[in-house]
Amino acid sequence: MTVADLQPAGDAYRPPTDVAARDIMDLAFGLIRVLDDEGMAHGPWIPNLSRDTLVEILGTMFTTRAYDARMMKAQRQGKTSFSMRSRGEEAIGATTAKVMGPDDMCFPTYRQASYLIGRGQDPLVMMNQVYGNAADLNRGTQISGMYTAADLGFFSISGNLATQMPQAVGWAMAAKAKGEPTAALGFVGDGSTAEGDMHAALTFASTYRPPVILAIVNNQYAISTDEEVARGSAQTFAQRGIGYGLPSLRVDGNDVLAIHSATSWARDRALDGHGPTVIEFVTYRASAHSSSDDPTRYRPEDEFDEFPLGDPIKRLRLHLQHLGYTNDQANELDTTIRVMIEAKNDEAEAIGTINTGERPPLSKTFELVYETMPAHLVRQQKQAGLQ
Amino acid sequence: MTVADLQPAGDAYRPPTDVAARDIMDLAFGLIRVLDDEGMAHGPWIPNLSRDTLVEILGTMFTTRAYDARMMKAQRQGKTSFSMRSRGEEAIGATTAKVMGPDDMCFPTYRQASYLIGRGQDPLVMMNQVYGNAADLNRGTQISGMYTAADLGFFSISGNLATQMPQAVGWAMAAKAKGEPTAALGFVGDGSTAEGDMHAALTFASTYRPPVILAIVNNQYAISTDEEVARGSAQTFAQRGIGYGLPSLRVDGNDVLAIHSATSWARDRALDGHGPTVIEFVTYRASAHSSSDDPTRYRPEDEFDEFPLGDPIKRLRLHLQHLGYTNDQANELDTTIRVMIEAKNDEAEAIGTINTGERPPLSKTFELVYETMPAHLVRQQKQAGLQ
Amino acid sequence: MSAETAAGGTPAPGTTVSMTMIEAIRSAHHVMMERDERVVAFGEDAGAFGGVFRCTEGLQERFGEARCFDTPISELGIVATAIGMAVNGLRPVAEIQFADYVYPGYDQIVSEAARMRFRSAGDFTSPIVVRMPVGGGIYGGNTHSQSPEALFTHVAGLITMIPSNPYDAKGMLISAIECNDPVIFLEPKRVYNGPFDGDHDKPLVPWSKDPRGDVPEGHYTVPIGKAAVARPGNDVTILTYGTMVHVAMNAAEQAQVDAEILDLRTLLPLDLEAIVASVEKTGRCLVVHEATRTSGFGAELSAQVQEECFYSLEAPIVRVAGWDTPYPYSQEWEYFPGPNRVLAGLRRVMED
Amino acid sequence: MSAETAAGGTPAPGTTVSMTMIEAIRSAHHVMMERDERVVAFGEDAGAFGGVFRCTEGLQERFGEARCFDTPISELGIVATAIGMAVNGLRPVAEIQFADYVYPGYDQIVSEAARMRFRSAGDFTSPIVVRMPVGGGIYGGNTHSQSPEALFTHVAGLITMIPSNPYDAKGMLISAIECNDPVIFLEPKRVYNGPFDGDHDKPLVPWSKDPRGDVPEGHYTVPIGKAAVARPGNDVTILTYGTMVHVAMNAAEQAQVDAEILDLRTLLPLDLEAIVASVEKTGRCLVVHEATRTSGFGAELSAQVQEECFYSLEAPIVRVAGWDTPYPYSQEWEYFPGPNRVLAGLRRVMED
Ligand SMILES: Cc1ncc(C[n+]2csc(CCOP(=O)(O)OP(=O)(O)O)c2C)c(N)n1
Ligand SMILES: Cc1ncc(C[n+]2csc(CCOP(=O)(O)OP(=O)(O)O)c2C)c(N)n1
Ligand SMILES: [Mg+2]
Ligand SMILES: [Mg+2]
């Protein structure tokens, strides 16, 4: 775990959105922060956000954390084969979901459940996917957590790392070609930046300058390996963007206000025709990589407690207290959400889990390969005893 | 064609070889030059080179240019199917060949014939390859110009762009693991930097810090496309290295002294255990991309004349004059070399060309796939009428 | 042949013009970009230069840089951005300069484009066309000669097509662009300019001398999944595609065997019906392709034919294919499965 | 079986220990890294963590970070640096975390490793081993279940191996590391811990209960290119490999058919001799694999068997394979070609 150059909240300057990339190279080495340890907001990056919006973001984070915990429990109970949580990094999805417009498209990883929830997805829909039951929108085609939601501007998650980044750039190239006032937001993990796809994304973004935000979520780990294995001799991941002449921000990823402000800056820049922005969100993967992982094998158990950027939920709660939203109110919200999650889970389990209830039929496996089922699949489907 | 920030000769500072990458970021945006327009050497990058060595380099450049022209003529005569020249950029290979040690390994592109010649390869051997005749070291397996020469530290050229760059890094990782005082030098074209392989090379170089020099030859064009298509919003290609925390130099690629000095700096750094260096050599592809290309379709015919860094041969000749090596001496050397090339070509043609004389037998096609020919190839070879 | 070829596709209206396969491909682009503003074309040197084989020539001039453009040299990026554009409503037609260079983009094709509809249950789709020249015979050595069709036919979710003449090339490419699934469109470069029959020492016959070079100017389609009878016959069925259609024709003429030659055109989905009908009629089957033999598409053809026609077969199915070696340079014409190799295969399959 | 398996390889000295396939693979690394200091092992999480399947566990501790290490998440970089190291005299054994993720490294495998010896006429070679877990049955969905062997067997210059048990796994991996050509080493992850016979509802039998789990501690080899008779029989030949060897055994027992089951072990170069001998004896042939059917390796097997044994075949060769769809998640056990599908195939091939 390395968080280089921990700049104090409020310290980083905020350039105009049409600034030239070369004039803000230092922002890739610093850390844009708004909230200090006491939950007070500082500096030019303070966003113009209502308390209600902040409470909504808090709610999304509560929901995500409760949801993740519940799905992890389901995995332990053998009701799904796999579970991936985003504990500690919920702020990034929850906040950027509020920044992006209704017609924008997010190209997520499996670590952005909070984005989907922030866009208003019903946790029941997500649970059905996790259980791969008959109501699963993916129709059982993907492992747990690989959601899709075109109507919410949430692209189908791929199991192949980083592939979504150049796709996000392509999506944005199309937006530009069509002259539509929309932007794409691609997410990639620190470890996954090593894939060639990331280079293609940065290169094409640099060449065509479409409205895209390339967000690197540095949660300190790939699976067992420290973020340094991918970062190498560079000081930060934001630094990568400099090589392509792209404006690159390094942002406190556990600071809802900083996330909102930086992402808005990048989106404004994109919609005004000034092209792509690279953002590194610095955060911490507080849970195991997945239910198949055992992090005690490679890191101290209490490392999250030592993480200098803290827990995003605690930090937002603290800030909200300054705005008059009390701890009790927050606790009440949290409790309501947990109850809701339990109820939704009962509903989902009633439909089915990986080994109970109703599953999507095998016919879906055949139907979804092509628009029209070709003759050889019709034959195979018959061999499989269908029709 | 863009040559940003044309720094005057002698202007760039020369840091110690153990400098931290972050302290020399500006060198990626400038241009290290030693020779001015009058052929005078300036500044801290003046290498310690004897006149004899410079004359050798001049000879290599003469040889390469004469060789290229002769092979192009052969292509026009239908004696080979394909020809690729490096006119205008001979200095890079010719000079770096002198810097690298006997046990170092160069991972070239098809544009580094001058490196191979500079290492002492007999042009006859190269011609045999171009003609794909019975004496071809590649045994007819590769198109013209894709040389190999393990004994001269010259890796087998691949037709697939940029693949050699991460291989060079792997080679250097092995050198480091074995504790051998050797370095790898990888070459890649400006256009080819867009391949994912380049990113893998930079990432692994950044992570393992092996003794490798990653050299980008920016000759202003891919095939028909300007270097800007790959460079995008960045100002230079050297800039790419910054993103990976690697020291990155931008060097006048038509200035033998600057090339020698910068490459020596990088090699010293590598052998002293300070890791990789990225170098962009700025030059100009004076000929067509290959014999299949027609550059008049995409650039002015006289563009080379306008190229601000001139012709490397002319520039070295001018410099040598200041050292007492006259124009007449140079002309004599050039003439001797041209005669030698003609003689070698006669020899090569006598052995065979693509459609005359002796070719490597088809048996080679079968023998070279595996160390021991497996049964199915034995069968196929028989079917082909062999044995 | 033209009329028959179009069977099942949409009719070809208006005047026909003699075109090379390159011109036919260009014309398909032109027609579709004119009709459908969502269609965009791009690739390395595909913009102002019009592609190294000139298949996109004139498109940038006509439709502007936003719709026909050059890309950086990244096959990965070309395919990936095509997918992203398709997701955002465009119909990208991407050019890979040579099929030998598709591998950096292979992951995006097989893991992404091919499975997009499946993994999202149709929430997202990837209607892209990835065009690439295939095959040898141009002294391109091991990096400009490959025929990687089997690497695509193994991947569920892809459609793989390969025309053998200008008429088909245009009609098939239009079908491919209109298709809502990802299409791999392989172009046998050796027949770009004329129907090369494998006799490399003879001068090339240009398409202008061949009726299959008569191409309608307007919009028409050749349907996906339908083979064509390139030569009707009764004694043996030759299954082939691309350049090898012409080589097989040549061999059949020389052998004076009454061979029925099927030009498969679409490899996946395969026109099994046409294949079975022909093999049941002839009782013999020769499979011919240029790709390396082991795990080539010929293996699949052979397997399916013996599964479907076992009791009709009078002799073993024979495969004539590239040797299981990389494509050599100097030994090109000894390597290329020319008419003599096909003849030998024909003799073998007619033996018993 | 062990003795027979080793036939043609070097003998297995010393004591045997019960090992899982994971332990056997680890042991092969250990033995080779001990014997040959040029051997290095690396991959994503392969260092301190010992790999997500623990196949390289303990190697870093024993041999240091220079010889066993973590890599960035770049399959391209993993293969490419392996090639570079091999060129500089090391013997790299690279792990790809799942075969489903090999595609970003596919270009370096097929364009570089496979053709290095050829294109340089032996001036440079690429003796690397690329290991990767394959196959489904672990609820891994379409990105943790693939069996891409046919994408490697089509590529001249590669050797492709796949063991089905711990004894073979160790001896084959040692052969692979000692081989001077690039080897693709596929590990059927479903049998890492025990011989899974396709009955997913039954508890897994661990390798400790199976004689094929008795593995010599020291150095021995199982030769490249030699199949093993997993079950001798007279009525039908089943050609299979990896996990499906066990499923086929199960089906054969259930069917009470005297099936001869060949565990191919090396797919390329193929042990055609063993195959032909068996099919000529039985007159019938069933091909079984988990990979998607079209252009799967079964197509090649079927093609070769009918080419070589046409006149011995009493019934069409039948293929049992994965459906031509991506691997689903919820429908895993309806998709997996389990004993019932193999039984149905057996019935079909025994019909006439
Ligand atoms: C192409 C590819 N290679 C390897 C994997 C296996 N894998 C899954 S997640 C993961 C680690 C990713 O780390 P990071 O990008 O930091 O994301 P995080 O999990 O921390 O959010 C790996 C190696 C994969 N899914 N795809
Ligand atoms: C992977 C791959 N893609 C495409 C090509 C086709 N191609 C050959 S050379 C070339 C241009 C390379 O430009 P650059 O890297 O600038 O090198 P230069 O020729 O200028 O030295 C292209 C696109 C190839 N050989 N390999
Ligand atoms: Mg991470
Ligand atoms: Mg160039």
Side-chain angles (χ1 to χ4, degrees), chain A residues 105 107 136-142 146-151 154-160 163-180 182 184 186 195-197 199-201 203-204 206-208 210 212 360 364-365 367-372 374-377 379, chain C residues 37-38 40 42 64 66-67 69-90 92 104-105 107-108 110-112 114-128 156-159 179-182 224-225 266 268-273 304:
Chain A
M105 185 61 72
F107 289 77
D136 172 16
L137 286 187
N138 292 49
R139 317 306 287 148
T141 61
Q142 289 251 69
M146 309 308 243
Y147 315 108
T148 186
D151 54 336
F154 190 87
F155 187 66
S156 159
I157 301 172
S158 175
N160 298 65
T163 49
Q164 72 281 1
M165 297 303 273
Q167 292 167 3
V169 173
W171 193 97
M173 287 167 70
K176 187 175 175 176
K178 295 191 286 180
E180 288 172 358
T182 54
E195 292 286 3
D197 303 75
H199 179 58
T203 302
F204 281 61
S206 178
T207 296
Y208 301 106
V212 66
K364 290 294 161 197
T365 302
E367 282 163 20
L368 291 168
V369 188
Y370 297 94
E371 187 180 42
T372 313
H376 67 286
L377 283 181
R379 271 198 310 280
Chain C
E37 61 173 17
R38 300 171 308 165
V40 291
F42 51 91
R67 295 188 60 201
F69 52 92
D70 291 316
T71 64
I73 303 175
S74 166
E75 294 75 14
L76 192 174
I78 291 170
V79 177
T81 54
I83 293 170
M85 290 179 220
V87 165
N88 202 357
L90 299 187
D107 184 45
Q108 286 279 347
V110 308
S111 306
E112 299 293 315
R115 295 207 298 268
M116 189 74 71
R117 178 189 297 281
F118 181 83
R119 78 176 198 220
S120 70
D123 204 23
F124 293 95
T125 59
S126 185
I128 65 173
L158 299 178
I159 286 169
C179 176
N180 288 325
D181 288 304
I224 294 173
T266 302
L268 196 109
L270 186 65
D271 191 349
L272 187 59
E273 225 173 297
Q304 290 203 32

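Letters A, B, ... are given to chains in the order of the sequence lines, protein chains preceding strands, and every chain is numbered from 1. Just so it is clear, the structure is predicted and the values come from calculations on it, not from any experiment.
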Side chain, backbone, both or neither: which part of [X] has an atom under 4.5 Å from a heavy atom of chain C?
X	answer
A:I157	backbone
A:T207	side chain
A:M165	neither
A:A175	both

(message) Can a side-chain donor-acceptor contact be found between C:R119 and A:S156 if the only test is distance below 3.5 angstrom?
(response)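 Looking only at side-chain atoms, C:R119 and A:S156 do form a donor-acceptor pair, the distance falling under 3.5 Å.
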
(message) Testing the 3.5 Å rule here: is there a donor-acceptor pair between the side chains of A:N160 and C:Q108?
(response)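 Looking only at side-chain atoms, C:Q108 and A:N160 do not form any donor-acceptor pair under 3.5 Å.
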
Please round to the nearest 0.5 Å and tell me the distance separating atom [atom1] of [X] and atom [atom2] of [Y].
X	Y	atom1	atom2	result
C:D181	A:E371	CG	CD	6.0 Å
A:M173	C:L90	CE	CG	9.5 Å
A:R139	C:F118	CZ	CZ	12.0 Å
A:T203	C:I73	OG1	CD1	11.5 Å

(request) Not counting sequence neighbours, which residues clear salt bridge (charged side-chain N to carboxylate O under 4.0 Å, His left out) with A:K176? List them please. (result) none

(message) As a test of understanding, state which of A:F155, A:W171, A:F154, A:Y147 forms a ring-ring contact (aromatic ring centres under 6.0 Å, His included) with C:F124.
(response) A:F155

(request) Please confirm whether the backbone N or O of A:A172 pairs with a side-chain atom of C:N88, one donor and one acceptor, at under 3.5 Å? (result)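 Here the side-chain-to-backbone pair does not exist.
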
(message) Is it the case that the side chain of A:Y370 and the backbone of C:L158 share a donor-acceptor pair, with hydrogens and angles ignored and the cut-off at 3.5 Å?
(response) yes

(request) Tell me, out of A:E180, A:K178, A:H199, A:H376, who's got the most heavy-atom pairs with chain C below 4.5 Å. (result)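 If we count pairs closer than 4.5 Å to chain C, A:K178 comes out on top.
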
(request) Name all residues meeting the side chain to side chain contact (heavy atoms under 4.5 Å, CB included) criterion together with C:V110; count only those two or more places apart in sequence or in a different chain, and write none if there are none. (result)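 With neighbours one apart ignored, the set is C:Y106, C:V155, D:Y103.
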
